Amino acid sequence: MSGFVIRPATLADIEIVCAHRRAMFFDMGHEDADTLDPMIVAFRPWLQRMMASREYLAWLVMTQDGDIAAGVGLWLMDWPPHLIGPGTRRANLLNVYTEKPFRRHGLARQLVDTAVAWCYMNGIRTVILHASTEGRRVYENLGFKPTNEMRLIIEP
């Protein structure tokens, strides 16, 4: 990761986290602005509240020129005691995104390693995520295993 520095994100970085989230979904094929834009409008106050309460942590990769090359978010979720992993918190990795010019440099891997190390140092032993097709191999190489999660969308 020569020439790059990882730093914690702050409330001042909310717009870059929002931009990464939007770009991440766009790159996964969700290209409709009429869907993406309202999602970000709804996400922004949630992110503000969660970052202020330290329930959402994030890290950014900076270039030597001060540009933001990549980012990762970590949502600390209250979770009932469970057979999988001790403790009452689970970490959910989300908004893993690398700007196109900086891809294939291992930045996402470094960010995930940073977030997982934070979890380890803070007693969180279960980390979950939803992987894109492109990201699945990276996560599997980091030790993540597919699970049996299912989803139901209840339409109004």
Side-chain angles (χ1 to χ4, degrees), residues 1 3-28 30 35-99 102-103 105-132 134-136 138-147 149-151 153:
M1 210 174 88
F4 297 98
V5 173
I6 295 177
R7 70 161 176 86
T10 68
L11 287 170
D13 297 309
I14 283 178
E15 290 308 315
I16 192 64
V17 175
C18 288
H20 279 177
R21 183 173 178 80
R22 189 183 192 290
M24 175 190 71
F25 281 112
F26 185 90
D27 287 355
M28 289 190 299
H30 304 282
T35 302
L36 291 171
D37 294 342
M39 176 200 55
I40 294 303
V41 167
F43 177 67
R44 189 176 286 111
W46 179 89
L47 181 63
Q48 169 88 30
R49 188 175 65 256
M50 298 302 270
M51 285 183 78
S53 69
R54 306 271 307 145
E55 293 174 73
Y56 184 98
L57 307 174
W59 292 267
L60 300 171
V61 175
M62 306 295 293
T63 67
Q64 288 179 330
D65 297 331
D67 295 327
I68 297 172
V72 66
L74 188 68
W75 174 24
L76 305 174
M77 303 166 57
D78 188 33
W79 205 262
H82 198 277
L83 298 173
I84 302 171
T88 60
R89 290 199 307 170
R90 203 172 266 202
N92 187 346
L93 277 173
L94 64 162
N95 301 325
V96 180
Y97 188 75
T98 303
E99 299 285 347
F102 303 104
R103 292 182 182 170
H105 294 282
L107 302 181
R109 172 182 288 274
Q110 288 294 111
L111 283 166
V112 171
D113 283 344
T114 298
V116 169
W118 186 94
C119 290
Y120 180 79
M121 291 179 359
N122 288 277
I124 297 172
R125 297 297 183 255
T126 304
V127 181
I128 61 173
L129 60 82
H130 292 110
S132 66
E134 187 176 338
R136 183 171 298 276
V138 171
Y139 301 124
E140 287 175 347
N141 287 339
L142 288 167
F144 286 82
K145 306 285 186 229
T147 67
E149 179 180 286
M150 297 176 70
R151 180 178 303 140
I153 307 291

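Just so you know, these numbers come straight off a predicted model, no measurement behind them.
- Ala70 approaches His20 most closely through the heavy-atom pair C-CE1, 3.7 Å.
- Nearest heavy-atom pair, Leu74 versus Ala115, reported as atom, atom and distance to 0.1 Å: CD2-O, 4.1 Å.
- Partners of Val127 by side-chain contact (heavy atoms from CB on, under 4.5 Å), not counting sequence neighbours, listed by chain and number: Ala91, Leu93, Cys119, Phe144.
- Here the straight-line distance linking atom CH2 of Trp46 with atom CD1 of Ile40 works out to 11.5 Å at 0.5 Å rounding.
- Shown here are the side chain to side chain donor-acceptor pair (under 3.5 Å) partners of His130, two or more places apart in sequence or in another chain: Glu149.
- Applying the salt bridge (Lys or Arg N to Asp or Glu O under 4.0 Å) rule to pairs touching residues 36-46 yields Glu15-Arg44, Arg22-Asp37, sequence neighbours excluded.
- Taking the side chain as every heavy atom from C-beta outward, Asn141 and Arg109 approach each other to under 4.5 Å.
- Rounded to the nearest 0.5 Å, atoms CH2 (Trp75) and CG (Leu94) are 8.0 Å apart.
- For the atom pair NZ of Lys145 and OH of Tyr139, the computed distance is 15.5 Å after rounding to the nearest 0.5 Å.
- Two residues are said to be in side-chain contact when any heavy atoms from C-beta on lie closer than 4.5 Å; Val61 and Val5 fail this criterion.
- Contact detail for Arg90 and Ile128: the closest heavy-atom pair is CD-CG2, 4.1 Å.
- For Asn92 against Leu129, the heavy-atom pair with the smallest separation is OD1-CA, 3.9 Å.
- A side-chain contact (heavy atoms from CB on, under 4.5 Å) with Ile6 holds for exactly one of Leu107, Leu111, Val72, Asp113; it is Leu111.
- Side-chain contact between Trp118 and Ile124: present, with at least one pair of heavy atoms (C-beta onward) separated by less than 4.5 Å.
- Across every non-hydrogen atom of Met24 and Val96, the tightest pair is SD-O, 3.9 Å.
- Remark: Arg103 engages Asp27, Tyr97, Thr98, Lys100 in a side-chain contact (heavy atoms from CB on, under 4.5 Å) (not counting sequence neighbours).
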Exercise. Report the C-alpha distance between Ile14 and Gln48 in whole Å, list the side-chain angles of each, state the deciding distance to 0.1 Å, and finish with yes or no for side chain to side chain contact (heavy atoms under 4.5 Å, CB included).
Key: CA-CA 7 Å; Ile14 283 178; Gln48 169 88 30; 3.2 Å; yes
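- Residue Gln110 holds its CD atom at 11.0 Å from CZ of Phe4, rounded to the nearest 0.5 Å.
- Sorted by first and then second residue, the side chain to side chain donor-acceptor pair (under 3.5 Å) pairs with a member in residues 50-62 read Ser53-Glu55, Tyr56-Asn95; sequence neighbours excluded.
- Atom CE in Met77 sits 12.5 Å away from atom OG1 in Thr88 (nearest 0.5 Å).
- The side-chain contact (heavy atoms from CB on, under 4.5 Å) check on Arg7 picks up Asp13, Leu60, Met62, Ile68, with sequence neighbours excluded.
- For the atom pair CD1 (Ile16) and OG1 (Thr10), the distance works out to 12.0 Å, reported to the nearest 0.5 Å.
- In terms of heavy-atom proximity, His105 sits nearest to Phe102 at CD2-O, 3.0 Å.
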